[in-house]
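Each chain gets a letter, A, B and so on, in the order the sequences are listed, and its residues count up from 1.
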Amino acid sequence: MDRNLPKNYDPKTFEDRIYKTWEDSKCFMPETKGGKEHFTIVMPPPNITGQLHMGHAMDASLQDVLVRFKRMQGYDTLWLPGTDHASIATEVKVVEKIKKETGKTKEEIGREEFLKQAWAWKEEYGNRITMQQRKMGSSCDWSRERFTMDEGCNEAVKEHFVNLYNKGLIYKGARLINWCPVCKSALSDIEVEHEDVRGKYYYFRYPGEDGSEGIVVATSRPETMFGDVAVAVNPEDERYKDLVGKNVMLPLVGRVMPVVADPYPDMTKGTGAVKITPNADPNDFEVGQRQGLGMIEFMAEDGTMLDVAGKYAGMDRYECRKAWVKDLEEAGYLVKTEDMTIPTGTCYRCHNAVEPRISEQWFVKMKPLAEPAIEAVRKGETVFVPDRYDKIYYHWMEDIKDWCISRQLWWGHRIPAYYCQDCGEMIVAKESPSVCPKCGCTHFDQDEDVLDTWFSSALWPFSTLGWPEKTKDLKTYYPTSVLVTGYDIIFFWVARMIFSGIECMGEVPFKHVLIHGLVRDSQGRKMSKSLGNGIDPLEVIDVYGADALRFMLLSGIAPGSDIRYQDEKVQAARNFGNKLWNASRFVIMNLYDKDGEALPIADAKSAALKTEDRWMIQTISDAVSDITANMDRFELALAAAKIYDLIWSNYCDWYIEFTKSRFYGENEEDKETARFVLLSCLKDLLKMLHPFMPFITEEIWGHLPKTEGEKDMIILESWPEVSAQDFSEDVKAVELSMDMIKAVRNIRSEVGVAPAKKIKAIVIADPGFEEAAKKGEDYLVSLAGLESLSFAKSKDELPSDVKSAALPGVEVFVPMDELVDYKEELAKLQKDRDQLSKNVASQEAKLANENFVSRAPENVVQAERDKLANYQDMLEKTVARIAEVEKKL
RNA sequence: GGUCGUUUAGCUCAGUUGGUUAGAGCACCUGCCUUACAAGCAGGGGGUCAUAAGUUCGAGUCUUAUAACGACCACCA
């Protein structure tokens with residue numbers, strides 16, 4: 001019976017199976033391992049627009065590491081998953097799909113049918129996303145899965161909306177808003193992206209009404225001239241003093257408008273005169289208000305020109321611009337053009353130019369909400385990690401404008417405002433009213449618009465826990481512990497959750513915000529559809545396994561900064577998995593005999609620990625305390641690097657090698673001890689790696705024999721503890737042995753000794769180092785390919801031809817009966833001597849510095865003294881050896 | 001225009017409160033299919049930590065300036 005692991009590490013053979021085991025055993029649910037303290041993460045809900053990308057994979061990996069770590073630490077841990085309806089983004093996709101399949105527009109199929117299709121989309125893509133989350137190994141509680149448009153979230157949105165309205169914090173009004181003529185909806189300020197577009201400034205003459213020259217103004221958008229209501233100049237501007245109060249005419253059209261004096265125009269820019277189009281520019285809007293100018297609507301919602309544009313009516317905005325400019329030029333009104341890059345606002349979904357437009361919309365009054373939210377972060381109730389991101393938060397929150405929340409879309413939360421069909425009275429309420437309080441009629445129309453998708457996301461940390469109901473979950477898990485998300489949605493989401501949480505719950509929604517960067521392609525470019533450089537996490541998982549992808553995304557990154565995806569990095573992580581797999585095979589191989597019968601294993605009491613055992617135990621114990629501290633500070637990449645090194649360098653490269661000679665030997669008792677240490681250390685390592693690579697650690701764990709108190713599944717195990725014993729003397733001894741082994745290997749390699757050839761080595765240890773050096777005898781023999789190791793008191797006992805290496809406290813010699821190139825050795829020794837002299841000199845200088853000796857902490861000074869002694873010692877030995885070698889030449 | 005970030009080996013990047021001879025992976029060179037692992041083992045080469053000044057006993061790490069690159073924010077006709 002073979003109890004060992006299969007020969008090859010093949011993640012595909014167990015990852016899905018293990019995930020199913022976890023899920024079936026309900027161990028993702030907090031109740032199964034309830035601690036007293038709670039740890040909660042609500043998952044940033046992925047949009048149902050498509051499938052998961054690398055950004056989601058990183059997001060999920062980070063959260064899962066934290067959740068698994070805290071779960072192992074004994075917290076009552078909840079990770080609550082869900083998806084986002086992503087109003088505008090999804091609507092665009094569904095419109096496209098319908099167009100492609102039926103050729104129809106959404107208007108043609110109607111609201112009801114459209115929503116049916118959208119829900120079908122949600123079903124398909126929502127499920128795909130949760131399947132992908134499972135592939136990643138996310139240990140979230142699927143029984144609590146939510147959707148931003150499910151019943152509970154609907155309830156929360158309505159409750160919140162009505163509350164804010166009743167408090168006067170939501171209002172409806174006509175304002176200049178950002179309008180996307182392609183999506184045909186209003187957008188909030190942050191949904192507008194600024195792009196520099198190559199374009200032109202056109203300088204046009206607006207002739208005087210009286211036939212005078214008039215005034216020259218510049219514009220980058222000539223089509224907006226149909227909405228002009230005035231030309232403004234600065235009151236200080238001498239050039240135009242006489243014109244103020246007079247009228248000019250819109251060229252070709254002849255419409256008359258006044259020249260007004262207003263502080264807004266900058267005399268140093270353009271001609272100093274500005275056309276005022278309140279309907280197309282926020283500044284112009286303000287000037288219009290100040291000057292009481294009124295406004296003219298000139299563009300339709302779809303970006304085509306209205307009747308006011310005369311013969312250009314019905315043309316698309318850009319088409320009109322072309323024709324209009326041409327006509328003006330021919331008529332002699334175009335003074336000049338300049339090539340310029342024009343800062344242009346574009347829609348963050350469709351990237352078409354946004355048109356500012358006066359429109360009646362719903363707004364959230366932001367100042368009263370922002371103030372306590374700023375204060376909360378200042379007081380440290382919510383902490384950004386890394387902390388520099390709080391600046392971004394403050395910057396935005398302190399200069400916040402009212403939030404336009406209505407969207408002219410169908411997919412989303414419909415605004416809970418009802419209009420009386422008879423008298424038009426508006427009632428804001430969670431449900432449609434039965435009687436109009438004003439006219440008594442009973443027929444109402446609900447507001448046609450839906451809410452900004454972020455309005456519901458803003459409630460996510462508590463709507464998912466049951467709010468506005470006072471549920472047990474809400475009481476237990478709010479506020480949540482950590483929010484993990486990318487820096488790209490600090491405004492959209494993080495800030496809004498904070499002020500909404502304070503408003504609705506009276507408390508910030510999370511204690512920490514762990515910010516991560518973007519996953520870029522191997523050349524550092526953003527992954528995007530248009531570039532076609534996106535990498536599908538599922539394909540990576542298919543080749544290398546989820547553990548490898550996770551480990552790659554979690555290691556080698558600086559907090560909050562971007563990471564490049566590179567196949568080689570995933571490969572390296574997979575290789576690490578393979579290393580661990582094989583090390584585990586070695587361990588298991590030594591736990592059972594040929595027939596699969598368990599061999600005796602010592603326990604903590606009976607084990608007769610040897611130096612190397614104590615070294616390994618101590619090294620792991622030190623790492624536990626280090627790594628735990630790193631995890632607590634969210635330094636996950638540092639923790640990952642330490643575990644990697646601990647497993648590969650310490651456990652595999654050294655400890656396993658140390659045990660081999662013991663297993664080949666005859667001392668059964670010693671084998672029992674070796675089995676014990678090998679196994680218990682492997683278990684600790686698996687536990688520490690588990691949050692990062694959950695599948696492989698679980699699979700290996702399943703093959704290891706358990707002692708009493710140990711769980712069947714590693715996911716339910718406890719985080720390792722720091723050992724109470726102090727084995728630091730053994731650590732020093734083993735490290736000395738390692739140096740000696742390396743020295744001999746180095747000599748072998750330099751001289752070119754065949755790997756299979758056993759050689760002799762002699763060690764001379766300084767007083768105080770003899771014992772430590774003797775402890776390493778066995779290791780040297782087995783790991784440096786020695787036939788024998790002997791200890792000498794002085795150099796007189798050495799053969800004449802030796803190669804040597806000087807180490808702190810000891811000097812290692814290898815007799816060179818055959819081929820030795822003394823010239824080469826001399827060169828090497830001289831190089832060593834020069835380096836050592838430098839080191840000695842720099843140490844001496846350091847210690848000669850009275851300031852250092854008196855001011856630096858005692859342990860630091862002592863460390864420097866020790867260092868000097870070591871260097872002096874090594875230098876002496878090297879110099880002596882040089883003299884010897886020189887004699888031979 | 002404002003804010004922030006980055007600059008460390010050929011490449012991609014770590015480097016915690018300043019404290020051993022600055023690290024890793026990949027790539028490169030040499031030698032090994034040694035019964036856990038060639039997705040591996042052993043050994044090796046390669047860095048004046050962007051530049052300049054400063055603080056300090058001590059700077060990759062702190063301060064200031066400069067340069068290059070990048071991100072975000074911003075109402076400029």
Side-chain angles (χ1 to χ4, degrees), chain A residues 4-5 7-9 190 194 201 203 217-221 232 264-266 269-277 281-286 343 345 356 388-389 391-392 395-396 399 487-488 490-491 517-518 522 524 544 555-558 560-564 566 568-569 571-590 626 629-630 633 635 637-638 641 644-645 652-653 656-657 660 742 745-750 752-756 783-785 835-836 838-839 842 845-847 849-857 859-861 863-864 866-867 870-871:
Chain A
N4 212 331
L5 294 160
K7 183 133 173 65
N8 293 313
Y9 166 51
I190 45 174
H194 292 269
Y201 278 156
Y203 288 77
V217 299
T219 180
S220 60
R221 300 195 297 154
Y264 165 61
D266 182 336
K269 283 178 180 156
T271 62
V274 186
K275 68 196 246 340
I276 300 299
T277 323
D281 182 284
N283 292 303
D284 291 13
F285 180 80
E286 280 175 27
R388 65 171 185 272
Y389 284 106
K391 282 205 192 73
I392 296 183
H395 184 248
W396 188 66
D399 190 34
Y487 59 68
D488 49 337
I490 291 176
F491 304 145
L518 269 37
S522 59
Y544 299 108
S555 51
I557 52 167
S561 53
D562 295 350
I563 175 179
R564 289 189 197 200
Q566 286 179 130
E568 303 83 69
K569 290 188 194 169
Q571 265 172 43
R574 188 272 319 263
N575 293 354
F576 173 54
N578 186 55
K579 186 74 186 174
L580 176 66
W581 185 265
N582 280 293
S584 306
R585 283 182 57 225
F586 174 84
V587 174
I588 296 168
M589 184 181 90
N590 285 294
D626 253 25
N630 287 138
R633 291 197 293 259
E635 294 160 349
L638 271 177
Y644 179 97
D645 195 53
C652 294
D653 289 349
I656 285 184
E657 295 303 325
K660 280 181 181 170
K742 284 187 203 164
R745 282 173 175 171
N746 183 310
I747 291 169
R748 291 183 66 117
S749 169
E750 267 176 25
V753 180
L783 298 185
Q835 183 57 48
L836 286 166
K838 269 190 214 162
N839 292 348
S842 104
K846 205 178 266 186
L847 287 163
N849 186 331
E850 192 49 44
N851 276 324
F852 171 63
V853 178
S854 58
R855 292 193 202 183
N859 61 328
V860 171
V861 177
E864 297 297 327
D866 292 349
K867 224 181 351 170
N870 283 337
Y871 287 145

Tell me: CD of A:Gln571 to P of B:A38, nearest whole Å? 16 Å
If you measure from CZ on A:Phe576 to SG on A:Cys652, what distance do you get to the nearest 0.5 Å? 8.0 Å
Using a 4.0 Å heavy-atom cut-off across all strands, classify A:Lys569 as base, sugar-phosphate, or nothing. sugar-phosphate
Whether A:Arg745 side chain and A:Leu783 backbone form a donor-acceptor pair below 3.5 Å: yes
Nearest-Å distance once atom P is located in both B:U16 and B:U61: 11 Å
Report the stems of RNA chain B as range-with-range entries sorted by first number; a stem here is at least three consecutive pairs, Watson-Crick or G-U wobble, both distances under 3.5 Å, and write none if there are none. B:1-7 with B:67-73, B:10-13 with B:23-26, B:28-32 with B:40-44, B:50-54 with B:62-66
Mind checking if A:Ile656 touches a base, just sugar-phosphate, or nothing, with heavy atoms under 4.0 Å? base
Nearest whole Å is fine: how far is B:C37 C1' from A:Ile588 CD1? 14 Å
A:Leu638 CG to B:C13 P: how many Å, rounded? 17 Å
Please pick, from B:G5, B:C73, B:A74, the nucleotide with the shortest atom-to-atom distance to any side-chain atom of A:His395. B:C73
Here the distance between atom P of B:G5 and atom CG of A:Asp488, to the nearest Å, is 18 Å
When rounded to the nearest 0.5 Å, the distance separating CD1 of A:Ile490 from CH2 of A:Trp396 is 11.0 Å
Distance, P atom - from B:U48 to B:U55, rounded to whole angstrom: 26 Å
So, does the side chain of A:Lys660 form a donor-acceptor pair with the base of B:A36 at under 3.5 Å? yes
Which part of the nucleic acid, if any, lies within reach of A:Glu635 when heavy atoms closer than 4.0 Å are counted: base, sugar-phosphate only, or nothing? base
Nearest-angstrom distance, P atom, B:G5 to B:C26: 32 Å
Looking only at side-chain N and O atoms, does A:Asn582 offer a donor or acceptor that is under 3.5 Å from a partner on A:Asn578? yes
Report which part of the nucleic acid A:Ala583 touches: base, sugar-phosphate, or nothing (heavy-atom distance under 4.0 Å, all strands). base
On a whole-Å scale, what distance lies between the P atoms belonging to B:G25 and B:U21? 22 Å
When the P atoms of B:G19 and B:G23 are considered, how many whole Å apart are they? 13 Å
Of the non-hydrogen atoms in A:Arg388 and A:Ser561, which two are nearest, and what is the gap between them? NH2-N, 4.4 Å
Give a yes or no on whether a donor-acceptor pair under 3.5 Å exists between the nucleobase atoms of B:U12, that is its base, and the side chain of A:Arg564. no
Side chain of A:Lys391 (C-beta onward), nearest among B:C4, B:C37, B:C75: B:C4
Just how far, in rounded Å, is C1' of B:U3 from OH of A:Tyr487? 15 Å
Options B:C37, B:A71, B:G25, nucleotide nearest the side-chain atoms of A:Lys7: B:C37
Would you please classify the geometry between the A:Tyr487 ring and the A:Tyr389 ring as parallel, tilted or perpendicular, with 30° and 60° separating the classes? parallel
Pick base, sugar-phosphate or nothing for A:Ala558, based on heavy-atom distances below 4.0 Å to the nucleic acid. sugar-phosphate
Is A:Pro343 touching bases, backbone alone, or none of the nucleic acid, heavy atoms closer than 4.0 Å? sugar-phosphate
Which part of the nucleic acid, if any, lies within contact of A:Phe576, taking any heavy atom under 4.0 Å across all strands shown: a base, the sugar-phosphate backbone alone, or nothing? nothing
Scan A:Ser584 against the nucleic acid and name what it touches under 4.0 Å (heavy atoms): base, sugar-phosphate only, or nothing. nothing
Taking atom CD1 of A:Ile557 and atom CG of A:Leu638, what is their separation to the nearest 0.5 Å? 10.0 Å
Roughly, in whole Å, what's the span from CD in A:Gln566 to P in B:A14? 12 Å
Measure the CZ-CH2 distance between A:Arg574 and A:Trp581 for me, rounded to the nearest 0.5 Å. 13.5 Å
From the set B:C75, B:A39, B:A36, return the single nucleotide nearest to any side-chain atom of A:Asn283. B:C75
Test the A:Lys660-A:Phe586 pair against the cation-pi criterion, namely NZ or CZ under 6.0 angstrom from the six-membered ring centroid and within 45° of the ring axis. yes
Atom CG of A:Asn582 and atom P of B:U34: how far apart are they, to the nearest Å? 15 Å
Closest-nucleotide ordering on RNA chain B, the 5'-leading residue of A:Val217 and A:Asp626: A:Asp626
Over all strands shown, is A:Phe491 touching base, sugar-phosphate only, or nothing at heavy-atom distances under 4.0 angstrom? sugar-phosphate
Separation of the C1' atoms in B:A27 and B:G46, to the nearest angstrom: 11 Å
If I pick the C1' atom on B:U51 and the same atom on B:G44, what distance separates them, to the nearest angstrom? 33 Å
Report which part of the nucleic acid A:Val274 touches: base, sugar-phosphate, or nothing (heavy-atom distance under 4.0 Å, all strands). base
In Å, rounded to the nearest 0.5 Å, how long is the span from CD1 of A:Ile588 to CG of A:Leu5? 4.0 Å
Can you tell me how far P of B:C26 sits from CG of A:Asn575, to the nearest Å? 7 Å
Taking only nitrogen or oxygen atoms into account, show me every contact under 3.5 Å that the protein makes with nucleotides 41-44 of chain B, one pair per line with its distance.
| residue | atom | partner | partner atom | Å |
| --- | --- | --- | --- | --- |
| B:C41 | OP1 | A:Lys579 | NZ | 2.9 |
| B:C41 | OP1 | A:Trp648 | NE1 | 2.7 |
| B:A42 | O3' | A:Arg745 | NH1 | 3.4 |
| B:G43 | O2' | A:Ser749 | OG | 3.0 |
| B:G44 | OP1 | A:Asn746 | ND2 | 2.9 |

Spell out, as yes or no, whether a donor-acceptor pair under 3.5 Å connects the side chain of A:Lys569 to the backbone of A:Ser555. no
Atom pair CE/CG of A:Met589 and A:Asn4 - distance to nearest 0.5 Å: 8.0 Å
Distance check, P atoms only: B:G15 and B:U8, in whole angstrom units. 14 Å
Answer with base, sugar-phosphate or nothing: what part of the nucleic acid does A:Arg748 contact at a heavy-atom distance below 4.0 Å? nothing
